[in-house]
Amino acid sequence: MLPENWEALQVFLKCATQWRHAGMEGVRTGLDYPSVDAVMRITGVKDPSDTFWRLQLIENEALEAMADKRDS
């Protein structure tokens with residue numbers, strides 16, 4: 001883990017229960033961004049714009065991994 005990604009990973013982990021779901025199977029479609037914003041404010045993220053961008057990269061990779069798991 002690169003040090004510059006550490007804060008985004010911590011926010012991502014704190015948002016573990018904040019996924020949005022769709023369809024009858026409850027497929028995860030992404031994080032609930034208002035909840036992410038609340039977590040970033042509560043935890044005192046130093047650079048919210050940069051952290052959010054990095055969080056979205058982590059989120060995208062997580063969604064791809066979950067899709068791969070569903071497809072296998």
Give the other cluster members for V27, using side-chain heavy-atom distances under 4.5 Å between Ile, Leu, Val, Met, Phe, Trp and Tyr residues; answer none if it is isolated.
none
Quick one: hydrophobic cluster around W53, which other residues, with the 4.5 Å side-chain cut-off, linked directly or via members?
L57
Between E59 and G30, what is the shortest heavy-atom contact and its length?
OE2-CA, 3.2 Å
Check A22 against T29 and note the closest heavy-atom contact, atom names and distance.
CB-CG2, 3.5 Å
Working for side-chain contact (heavy atoms from CB on, under 4.5 Å), residues V45 and V39:
CA-CA 9 Å; V45 168; V39 168; over 6 Å; no
Can you name the side-chain contact (heavy atoms from CB on, under 4.5 Å) partners of D47, sequence neighbours left out?
S49, D50
Could you tell me which residues satisfy side-chain contact (heavy atoms from CB on, under 4.5 Å) with M1, sequence neighbours excluded, listed by chain and number?
N5, W6, L9
Side chain proximity check, R54 to E7, heavy atoms < 4.5 angstrom:
no
So for atom CD, which belongs to E25, do other residues, nucleotides or ligands contribute more than 12 heavy atoms lying within a distance under 6.0 Å?
no
Would you mind writing out the side-chain donor-acceptor pairs for residues 61-72 within the sub-3.5 Å range, not counting sequence neighbours?
| residue | atom | partner | partner atom | Å |
| --- | --- | --- | --- | --- |
| E64 | OE2 | N60 | ND2 | 3.3 |
| S72 | OG | D68 | O | 3.4 |
| S72 | OG | K69 | O | 3.0 |

What about I42 and F12, same hydrophobic cluster or not, with Ile/Leu/Val/Met/Phe/Trp/Tyr joined at side-chain heavy-atom distances under 4.5 Å?
no
With a 4.5 Å cut-off on side-chain heavy-atom distances among I, L, V, M, F, W and Y, is there a chain of contacts connecting L2 to I58?
no
Just distance, no hydrogens or angles: give the donor-acceptor pairs under 3.5 Å from side chains in residues 14-21, sequence neighbours left out.
| residue | atom | partner | partner atom | Å |
| --- | --- | --- | --- | --- |
| Q18 | OE1 | S35 | OG | 3.0 |
| R20 | NE | D32 | OD1 | 3.0 |
| R20 | NH2 | D32 | OD1 | 2.4 |
| H21 | ND1 | W19 | O | 3.3 |

